[in-house]
Amino acid sequence: TTRLVGSEMCIRDSTYDYLAMNYLLIDDTRDVVECEMTAYDAADDNDTRVLTVSNVPVQRNYRTNIYGNLLTSTTTYNVTIDPVFDGDIPNPYTQVSSASQLAQTIASAPTNGETANIQLTSSVNISESAIIVPANTNVVIDLNGNSIENGTVQPISSRASGGNPVAIRVYGNLTITGKGTVYGGSGGNNQAVHVLQGGHCVIYDGEFSVGPDASGAGNSCIESSGGTIEIYGGTFSSAAAYNNFYYVLNLNNSCSTDLIKVYGGKFINYDPAKGDDYLKGNFVADGYTSISSTDENNNTVYEVVSTTQSNIYYINKIAG
């Protein structure tokens with residue numbers, strides 16, 4: 001795997017003052033590169049100084065420093081290379097492999113503004129283990145090709161704990177990234193993600209779906225009860241309709257329609273430009289639009305793209 005090499009240009013006094021830093025992608029052998037830095041006078045753009053350094057050594061996972069009188073001389077400088085980045089780059093994520101680990105890691109997320117970065121290393125089933133993002137926490141979940149799957153919610157009279165009809169409840173700040181799936185389950189008032197008052201959820205990727213309730217009617221895939229939602233990518237669907245409407249994105253009827261903003265993603269049998277079934281509105285962000293197509297299962301798929309992309313799409317469609 002190609003890793004990053006830091007190449008730092010700095011001026012040396014009693015301490016280092018960095019002028020620039022660049023990361024280079026190279027192979028696993030030491031090499032040399034040519035470096036050139038141009039400094040501009042803030043008061044006069046025509047007053048410049050160009051520093052050229054030839055044969056600068058670089059090596060994967062090593063840092064190269066160029067230091068000296070870089071602004072006042074074109075010849076007085078030194079070049080060093082040291083293994084400050086030697087070894088594996090640490091994984092910024094806490095890796096979890098079970099529903100209980102996932103729930104406990106999120107529950108213990110710091111409330112001091114720091115972010116808890118979590119990466120799934122296997123798929124988890126959360127039928128009896130609610131995933132709750134507490135208020136005043138910042139959590140990132142990298143699906144990492146895995147799934148968070150809820151099961152069938154049994155009638156209240158037949159389950160001791162009441163079950164968990166919602167896959168993920170958000171009271172704090174949650175970001176979901178990476179390929180993978182989030183399934184909200186079926187059999188009750190299920191949702192894949194439910195964002196409550198004060199919560200904020202950002203989705204960049206993944207497949208989100210939900211099954212029907214006990215009577216076979218549709219459930220909401222992504223729902224807000226006062227929290228804000230931003231969607232930049234992913235695929236979203238509800239397995240069944242209710243009153244001929246697929247509740248892929250849904251608002252509690254007491255909410256404002258500006259709580260959900262969609263910048264990308266694909267929505268099955270649901271147009272986010274139509275907003276909420278009751279409150280109406282338009283969930284598609286300014287500068288974006290939804291375009292429709294039909295998939296192999298005869299579903300209507302609405303994809304949110306930039307207005308420029310939409311224009312190109314329709315021009316190509318007209319032109320054949």
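More than 12 heavy atoms of other residues, nucleotides or ligands sit less than 6.0 Å from atom CG of N316. Within a 6.0 Å sphere centred on OH of Y242, other residues, nucleotides and ligands contribute 12 heavy atoms or fewer. Within 6.0 Å of the NZ atom in K261, the count of heavy atoms belonging to other residues, nucleotides or ligands exceeds 12.
For the pair V139 and T105, the minimum side-chain heavy-atom distance is 4.5 Å or more. Side chains of K179 and D205 form a contact here, defined as non-hydrogen atoms less than 4.5 Å apart. Residues Y246 and T300 are not in side-chain contact: their nearest non-hydrogen atoms beyond the backbone lie 4.5 Å or more apart. Residues I268 and N297 fail the side-chain proximity criterion, which asks for heavy atoms closer than 4.5 Å. Proximity of N243 to D277: side-chain heavy atoms (C-beta onward) are nowhere separated by under 4.5 Å. Taking the side chain as every heavy atom from C-beta outward, V248 and N269 never approach each other to under 4.5 Å. Counting heavy atoms from C-beta outward, V262 and Y288 have side chains that stay 4.5 Å or more apart. Using a 4.5 Å heavy-atom cutoff, the side chains of D142 and N117 are not in contact.
Between Q95 and T121 the shortest heavy-atom distance is CB-CG2, 3.5 Å. Residue A192 comes nearest to A167 through the heavy atom pair O-CB, 3.1 Å, listed as atom of the first residue, atom of the second, then distance. Contact record, G211 with A239: CA-CB, 4.0 Å, taken as the closest heavy-atom pair. The nearest pair of heavy atoms linking L196 to R169 is CD1-CB, 4.2 Å. Smallest separation of non-hydrogen atoms from G185 and V210: O-CG2, 3.6 Å. Considering every non-hydrogen atom in both V124 and A99, the closest pair reads CG1-N, 3.6 Å.
A donor atom on one side chain and an acceptor atom on the other are found under 3.5 Å apart for S256 and D258. In this model, no donor atom of one side chain and acceptor atom of the other lie less than 3.5 Å apart for N219 and D213. Judged purely by distance below 3.5 Å, without hydrogens or angles, the side chains of Q104 and S100 never pair a donor atom with an acceptor atom.
Taken together through direct or relayed side-chain contacts under 4.5 Å among Ile, Leu, Val, Met, Phe, Trp and Tyr, V304 and Y247 form part of one hydrophobic cluster. Hydrophobic cluster membership differs between V166 and V195, with clusters built from Ile, Leu, Val, Met, Phe, Trp and Tyr side chains linked at under 4.5 angstrom. Under the 4.5 Å side-chain heavy-atom criterion for Ile, Leu, Val, Met, Phe, Trp and Tyr, I132 and I126 are members of distinct hydrophobic clusters. There is a path of hydrophobic side-chain contacts, each under 4.5 Å, that joins L174 to V96. Under the 4.5 Å side-chain heavy-atom criterion for grouping Ile, Leu, Val, Met, Phe, Trp and Tyr, V305 is not connected to V301 through any hydrophobic cluster.
Judged by distance alone, the side chain of T175 and the main-chain N or O of V140 form no donor-acceptor pair under 3.5 Å. A donor-acceptor contact shorter than 3.5 Å is absent between the side chain of S220 and the backbone of I222. Side-chain N or O atoms of N136 include none that pairs as donor or acceptor with a backbone N or O of T111 at under 3.5 Å.
Here the OG-CG distance, from S98 to N125, works out to 11.5 Å after rounding to the nearest 0.5 Å. Here T64 contributes atom OG1 and N22 contributes atom CG; the two are 11.0 Å apart, rounded to the nearest 0.5 Å. Atom CG of residue L259 and atom CD of residue E223 lie 12.0 Å apart, to the nearest 0.5 angstrom. The CG atom of L102 sits 4.0 Å away from atom CD1 of I131, with the distance rounded to the nearest 0.5 Å. Here the straight-line distance linking atom CG of N282 with atom OG1 of T289 works out to 8.0 Å at 0.5 Å rounding. Remark: I312 CD1 to T307 OG1 distance equals 11.0 Å, nearest 0.5 Å.
Applying the ring-ring contact (aromatic ring centres under 6.0 Å, His included) test to pairs two or more places apart or on separate chains, those with a residue in residues 173-205 are Y204-Y232.
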Would F283 and Y270 satisfy side-chain contact (heavy atoms from CB on, under 4.5 Å), going step by step from the backbone distance to the final call?
-> CA-CA 12 Å; F283 294 155; Y270 166 79; 3.2 Å; yes
From CA spacing to verdict: side-chain contact (heavy atoms from CB on, under 4.5 Å), N250, D276 = CA-CA 6 Å; N250 188 44; D276 182 74; 2.9 Å; yes
Evaluation steps, side-chain contact (heavy atoms from CB on, under 4.5 Å), between I176 and L143 | CA-CA 7 Å; I176 300 176; L143 298 174; 4.0 Å; yes
Worked verdict on I141 versus I106 for side-chain contact (heavy atoms from CB on, under 4.5 Å) | CA-CA 9 Å; I141 297 177; I106 294 176; 3.9 Å; yes
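F267 pairs in a ring pair (Phe, Tyr, Trp, His ring centres under 6.0 Å) with only one of the listed residues (F236, Y302, F208), which is F236.
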